[in-house]
Amino acid sequence: FPAFSIKGLTKVYGEGPAAVHALRGVDLEIPAGELVVLLGPSGSGKSTLLNIIGGLDRGTKGAVFFQDQDMSAMTDRALTRYRRDYVGFVFQFYNLMPSLTAYENVALVTEIARSPMDPNDALGLVGLGNRADHFPSQLSGGEQQRVAIARAVAKKPTVLFCDEPTGALDSATGRSVLKVLKNINEELKTTVLIVTHAAATADMADRVIHFADGGIREVVENKTKRNPE
Ligand code: ADP
Ligand code: ADP
């Protein structure tokens with residue numbers, strides 16, 4: 001199965017004359033194991049799409065399949081389980097607990113996960129093995145984002161959703177964070193979906209989905225990046 005199959009997905013916020021059509025019939029397949037970038041201007045509906053396939057919100061019409069499961073048929077409890085067991089989230093602002101160390105921030109998640117990694121292994125994976133005892137205030141922005149990535153992958157999610165993960169970082173630091181995401185995609189075979197308005201993010205993607213005004217304009221596959229093994 002693909003990671004996601006999306007058919008005719010629409011999302012309308014509000015109703016009547018004030019209604020906002022955030023998604024206007026999206027058809028999309030996201031193959032398992034790829035690193036996919038969803039690129040488009042602010043307000044084009046990217047976060048809305050990510051929130052729906054991430055199980056944080058529901059569409060208005062259309063179908064979303066996660067592997068072979070119809071997400072619109074899932075109960076709220078099933079969606080909560082889906083988020084807990086299969087999905088990692090990374091946001092623009094790292095949302096770390098300031099009073100906890102890097103290790104403890106990651107351990108918050110591994111304590112309730114089904115088959116987690118050791119927090120130290122997760123921190124090692126993002127290159128922060130030597131920062132486990134540091135508090136967020138003692139870390140740079142890029143390091144804090146890497147702790148947030150370690151926290152998201154420590155539960156070994158099937159999919160990792162990243163909403164503007166480099167939005168608060170300078171371009172060099174942003175690139176190093178993207179390399180960490182690429183490394184996770186390759187090492188753990190995690191499907192990674194990055195939502196962004198920053199075109200530079202697209203360089204290392206297997207597939208770039210150009211989004212505008214609630215719909216897909218173009219899908220560009222980067223075949224050279226995938227190793228036929
Ligand atoms: P993007 O992530 O590409 O910036 P969004 O998905 O956040 O776009 O927003 C798409 C459109 O939906 C925008 O016009 C936005 O104002 C609107 N929108 C997003 N969330 C809500 C909401 N909760 N209520 C009403 N309108 C919303
Ligand atoms: P935007 O893309 O509009 O700048 P954000 O990236 O801040 O918005 O958030 C995208 C969506 O994810 C929002 O709908 C928000 O409610 C949700 N979100 C943000 N942070 C968290 C969080 N820590 N846990 C769950 N949902 C969150």
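Order of appearance sets the numbers: ligands from 1, and atoms from 1 within every ligand. Side chains included, hydrogens not; waters and symmetry mates left out as well; all remaining heavy atoms used.
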Exercise. Have a look at ligand 1 and work out which part of T48, if any, has a heavy atom under 4.0 Å from it: side chain, backbone, both or neither.
Key: both

Self-check item: Pairs satisfying side chain to side chain donor-acceptor pair (under 3.5 Å), at least one member in residues 53-65, at least two apart
Solution: K11-D57, R58-D76

Quiz item: Measuring from the heavy atoms of G14, does anything fall under 4.0 Å of ligand 1?
Solution: no

Quiz item: Taking the non-hydrogen atoms of G214, is any one of them nearer than 4.0 angstrom to ligand 1?
Solution: no

Quiz item: Should you measure from each heavy atom of S47, which atoms of ligand 1 turn up under 4.0 Å away?
Solution: 1 (P), 2 (O), 6 (O), 7 (O)

Quiz item: Between F66 and Y82, does the ring centre distance come in under 6.0 Å?
Solution: yes

Quiz item: Does an N or O anywhere in G43 fall below 3.5 Å from an N or O of ligand 1?
Solution: yes

Quiz item: Who are the side-chain contact (heavy atoms from CB on, under 4.5 Å) partners of A107, not counting sequence neighbours?
Solution: Y103, T110, E111, P119

Quiz item: Counting each atom of ligand 1 from 1 as listed, which ones have a heavy atom of S42 under 4.0 Å away?
Solution: 4 (O)

Quiz item: Which atoms of ligand 1 are found less than 4.0 Å from any heavy atom of S44?
Solution: 1 (P), 3 (O), 8 (O)

Quiz item: Does NZ or CZ of R114 lie under 6.0 Å from the centre of the six-membered ring of Y86, at an angle within 45° of the ring axis?
Solution: yes

Quiz item: What atoms of ligand 1 come closer than 4.0 angstrom to any heavy atom of P41?
Solution: 3 (O)

Quiz item: Would the number of heavy atoms belonging to other residues, nucleotides or ligands and lying under 6.0 Å from NE2 of H134 be above 12?
Solution: yes

Self-check item: Distance in Å, L23 CG paired with I216 CD1, rounded so as to fall on 0.5 Å steps
Solution: 9.5 Å

Exercise. Compute the shortest N/O to N/O distance between A22 and ligand 1 and return yes if it is under 3.5 Å, no if not.
Key: no

Practice problem: For K46, take its heavy atoms, then give the atoms of ligand 1 lying under 4.0 Å from any of them. | Solution: 1 (P), 2 (O), 3 (O), 4 (O), 6 (O), 8 (O)

Quiz item: What do you reckon, is CD of E15 surrounded by more than 12 foreign heavy atoms closer than 6.0 Å?
Solution: no

Quiz prompt | Derivation and outcome, side-chain contact (heavy atoms from CB on, under 4.5 Å), residues T158 and Q67 | solution = CA-CA 10 Å; T158 306; Q67 297 169 347; 3.7 Å; yes

Self-check item: Those atoms of ligand 1 less than 4.0 Å from some heavy atom in V20
Solution: 12 (O), 14 (O), 17 (C)

